[in-house]
Amino acid sequence: DAGVIQSPRHEVTEMGQEVTLRCKPISGHNSLFWYRQTMMRGLELLIYFNNNVPIDDSGMPEDRFSAKMPNASFSTLKIQPSEPRDSAVYFCASSRGAGQGASEQYFGPGTRLTVT
Amino acid sequence: SQKIEQNSEALNIQEGKTATLTCNYTNYSPAYLQWYRQDPGRGPVFLLLIRENEKEKRKERLKVTFDTTLKQSLFHITASQPADSATYLCALSGTYKYIFGTGTRLKVLA
């Protein structure tokens, strides 16, 4: 299996621009997670999907962030408009299970976002 | 709010010794506690999961303990090797909830 695939691996954009991050989870996994990692705040859960349905988006920082999962093999995280404080590494992860927390998560390689 | 604390300072140990990393948490009673390894420029990789009703879990040179009274987990790497150098993250998990610590950087000196 190819593992979790994320694109792009690096993104540099100017403040105010729209940014779209993409994720392909491992086939057969029914849970998908978007995380943001910074030195100061560590790894923060942004949103969690189970069977393509958003279950918990309480970690999404503000309305500028949105996420979709149109099917079991694809998800996007969009930031519009982007700001310098959004600069971070964004990870997508997937797992089996129905969300009780008992399943290991498989992380993608991450997208390093820099907003100037 | 829930909080996880891992030693933010790097841990340096000599090759062959046992490394012990600590994870403390407050304001939460997780059903599970997980440990991950993260290398620079890469995503975290799952190592071990322990349930709230388990005291200890082992996998090869790794051992995890879980004390729900102290609200603490200890992660041990025995016979440490330079290849074990990485950042180790603990994570609390329960129904629809995953909370990661900021990680402890381990360096094993040859």
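What you are looking at is a predicted structure, and each value in this text was computed from that prediction instead of being measured.
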Engineer: Which heavy atom of Phe91(A) sits nearest a heavy atom of Gln38(B), and at what distance?
Structural biologist: CZ-NE2, 3.6 Å
Engineer: Please classify the contact of Glu44(A) with chain B as side chain, backbone, both or neither, using a heavy-atom distance under 4.5 Å.
Structural biologist: neither
Engineer: Name the region of Arg112(A), side chain, backbone, both or neither, that has any atom closer than 4.5 Å to a heavy atom of chain B.
Structural biologist: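 Looking at Arg112(A), nothing touches chain B.
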Engineer: Mind ranking Arg41(A), Gln37(A), Arg9(A) by heavy-atom pairs under 4.5 Å with chain B and telling me who comes out on top?
Structural biologist: Gln37(A)
Engineer: Does atom NZ of Lys24(A) have more than 12 heavy-atom neighbours from other groups under 6.0 Å away?
Structural biologist: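 Open: at most 12 neighbouring heavy atoms sit under 6.0 Å from NZ of Lys24(A).
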Engineer: So for atom CD, which belongs to Glu62(A), do other residues, nucleotides or ligands contribute more than 12 heavy atoms lying within a distance under 6.0 Å?
Structural biologist: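 Yes, CD of Glu62(A) has more than 12 neighbouring heavy atoms, counting only those of other groups under 6.0 Å.
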Engineer: Please report the shortest heavy-atom distance between Leu43(A) and Pro44(B), naming the atom on each side.
Structural biologist: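 For Leu43(A) versus Pro44(B), the nearest heavy atoms are CD2-CG, 4.1 Å.
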Engineer: So for atom CZ, which belongs to Arg37(B), do other residues, nucleotides or ligands contribute more than 12 heavy atoms lying within a distance under 6.0 Å?
Structural biologist: yes
Engineer: Would you kindly confirm whether Phe66(B) and Leu47(B) end up in one hydrophobic cluster when ILVMFWY residues are joined by side chain heavy atoms under 4.5 Å apart?
Structural biologist: yes
Engineer: Are Tyr98(B) and Tyr35(A) near enough that their ring centres are under 6.0 Å apart?
Structural biologist: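 Aromatic pair excluded; centres sit 6.0 Å or further apart.
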Engineer: Looking only at side-chain N and O atoms, does Gln34(B) offer a donor or acceptor that is under 3.5 Å from a partner on Gln105(A)?
Structural biologist: no
Engineer: When you group the ILVMFWY residues by side-chain heavy-atom contacts below 4.5 Å and let the links chain together, are Leu49(B) and Phe75(B) in the same group?
Structural biologist: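 Different hydrophobic clusters.
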Engineer: State yes or no: do Ile99(B) and Ile47(A) share one hydrophobic cluster built from I, L, V, M, F, W and Y residues joined by side-chain heavy-atom distances below 4.5 Å, directly or via other members?
Structural biologist: no
